[in-house]
**Student:** 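Before we start, here is the structure in question, set down as structure tokens.
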Number of protein chains: 2
Amino acid sequence: MPRTRGLMLQIATGDARPISKQIVDGVRMKIATAELVPGDQLPSVRGLAQQLTINPNTVAKAYAELTAEGWLESRQGLGLFVATPRQRLSDGERDRRMDEAISAFVHEVAALDYPPERALSRLDRALQVLSRKTA
Amino acid sequence: MPRTRGLMLQIATGDARPISKQIVDGVRMKIATAELVPGDQLPSVRGLAQQLTINPNTVAKAYAELTAEGWLESRQGLGLFVATPRQRLSDGERDRRMDEAISAFVHEVAALDYPPERALSRLDRALQVLSRKTA
DNA sequence: CCAACTGTACTACTACGAATAGTACAGACA
DNA sequence: TGTCTGTACTATTCGTAGTAGTACAGTTGG
């Protein structure tokens, strides 16, 4: 029996990310931190669009991306559900994207003339949220 | 006497970043790692555009951004030079942007289901390049 | 002084991505 | 059958990025 939950997602217009990416990031983080578990049902495309006051196509786009990545599975006529975990990316692709993320982060540290050790410790703390999942 | 150097910048069309951002990131990293020092002269707008086979307006845009951020200073008729170091951003703005970078990185770690400790140690290593400057 | 360089500032155009609006179809279920 | 669900379009608007072209002002060496 799928649990349906109020998703409690927040979209900020000032955010540099496109709306659909904010949704993708938000849903994924909830799955990664076990706030959403496999089998949980997400709000419908039209439901979330109404809740967030955006166009349903934008939600559909975000959901489609999450589905393509393997985080969600969709049942036409039924809805969207959190998928069971599986390897979603090849190791090569993972490392490639990690390289990019690391490069971008380092460039930003340089751009802000931010103390590297401080950046690292702040990130360490921020990453705890992902490790909590295994606790 | 300003030193003029071959800039050795590389632009990749496959890169997700816009061309101008690649230039900004590249130049800034060379300054942050002391490969370029205050007083060094950069290639002219038209010179770098020719070297990279891009439009001079794109280079001008990148240079303008670096100038606005305080990394470069421009002398009309003369050229662009690496500026002397100064506080470029308010502490509040720095922290805000650092928060964003951290958040983006954490979201990517989640997206890739990447082991957080591994991400952290890889980033630690990558950040050494910025610490070398003070050695 | 002039030519050749320099940065800067436009205008106009093209292409692309993001978001939206609207519509329609197929599936599921009470 | 009506109402929900996801999915798939088409068309439009807007903003960003890059380009091409032009022009002006500043600098410098011959």
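When reading the values below, keep in mind they use all heavy atoms of this one structure, side chains included, and skip hydrogens, waters and symmetry mates. In this text the structure is predicted, and so the values were computed from the model without any measurement.
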**Student:** Using heavy-atom distances to pick each residue's nearest nucleotide on DNA chain C, tell me which of Ile54(A) and Gly77(B) is more 5'.
**Tutor:** Gly77(B)

**Student:** Rounded to whole Å, how long is the line connecting atom CD of Glu73(B) with atom C1' of dG7(C)?
**Tutor:** 14 Å

**Student:** Please tell me which of Thr67(A) and Pro18(B) maps to the more 5' nucleotide of DNA chain D, matching each residue to the nucleotide holding its nearest heavy atom.
**Tutor:** Thr67(A)

**Student:** Compare side-chain N and O positions of Ser20(A) against OP1 and OP2 of dA19(C) and report whether any pair is under 4.0 Å apart.
**Tutor:** yes

**Student:** Could you check Gly47(B) against Arg46(A) and say which one's nearest nucleotide on DNA chain C is further toward the 5' end?
**Tutor:** Gly47(B)

**Student:** Is there side-chain contact between Phe105(A) and Glu100(A), with heavy atoms separated by less than 4.5 Å?
**Tutor:** no

**Student:** For a quick test of reading the model: is some side-chain N or O of Ser74(B) closer than 4.0 Å to OP1 or OP2 of dG7(C)?
**Tutor:** no

**Student:** Could you tell me whether Arg96(B) and Glu93(B) have a side-chain N and a carboxylate O separated by less than 4.0 Å?
**Tutor:** yes

**Student:** Quick one: how far along DNA chain D does chain A reach, first to last nucleotide 5' to 3', anything under 4.0 Å to a heavy atom?
**Tutor:** dT5(D) to dC9(D)

**Student:** Under 3.5 Å, is there an N or O donor on one side and an acceptor on the other linking the side chain of Asn57(A) and the base of dG22(C)?
**Tutor:** yes

**Student:** Roughly how many Å is it from OH in Tyr63(B) to P in dT6(C), rounded to a whole number?
**Tutor:** 10 Å

**Student:** Rounded to whole angstrom units, what separation is found between the CG atom of Leu48(B) and the C1' atom of dT6(C)?
**Tutor:** 14 Å

**Student:** Without decimals, in angstroms, what is the distance between Asn55(B) CG and dT11(C) P?
**Tutor:** 16 Å

**Student:** Salt bridge (charged side-chain N to carboxylate O under 4.0 Å, His left out), that's the test. Do Arg122(B) and Asp95(A) meet it? Break it down for me.
**Tutor:** CA-CA 11 Å; Arg122(B) 286 190 58 181; Asp95(A) 283 334; 3.5 Å; yes

**Student:** When you measure from the side chain of Arg94(A) to the backbone of Asp113(B), do you find a donor-acceptor pair of N or O atoms at a distance under 3.5 Å?
**Tutor:** yes

**Student:** Can you confirm whether more than 12 heavy atoms, excluding those of Gln50(A), are under 6.0 Å from its CD atom?
**Tutor:** no

**Student:** Return the value, rounded to whole Å, for the distance between atom CG of Asp15(A) and atom P of dA18(C).
**Tutor:** 14 Å

**Student:** How long is the straight-line distance from CE of Met29(A) back to NE2 of His107(B), given to the nearest 0.5 Å?
**Tutor:** 3.5 Å

**Student:** Using whole Å, report how far CD of Gln41(B) lies from P of dC5(C).
**Tutor:** 15 Å

**Student:** Less than 4.0 angstrom from a charged side-chain N to a carboxylate O is my criterion; do Arg28(A) and Glu69(A) meet it?
**Tutor:** yes

**Student:** Provide, to the nearest angstrom, the distance between the CG atom belonging to Leu80(A) and the P atom belonging to dG27(C).
**Tutor:** 17 Å

**Student:** Reckon Arg75(B) touches a base, only the sugar-phosphate, or nothing at all at heavy-atom distances under 4.0 Å?
**Tutor:** sugar-phosphate

**Student:** When the distance from CD of Gln76(B) to P of dC5(C) is rounded to whole Å, what number comes out?
**Tutor:** 17 Å

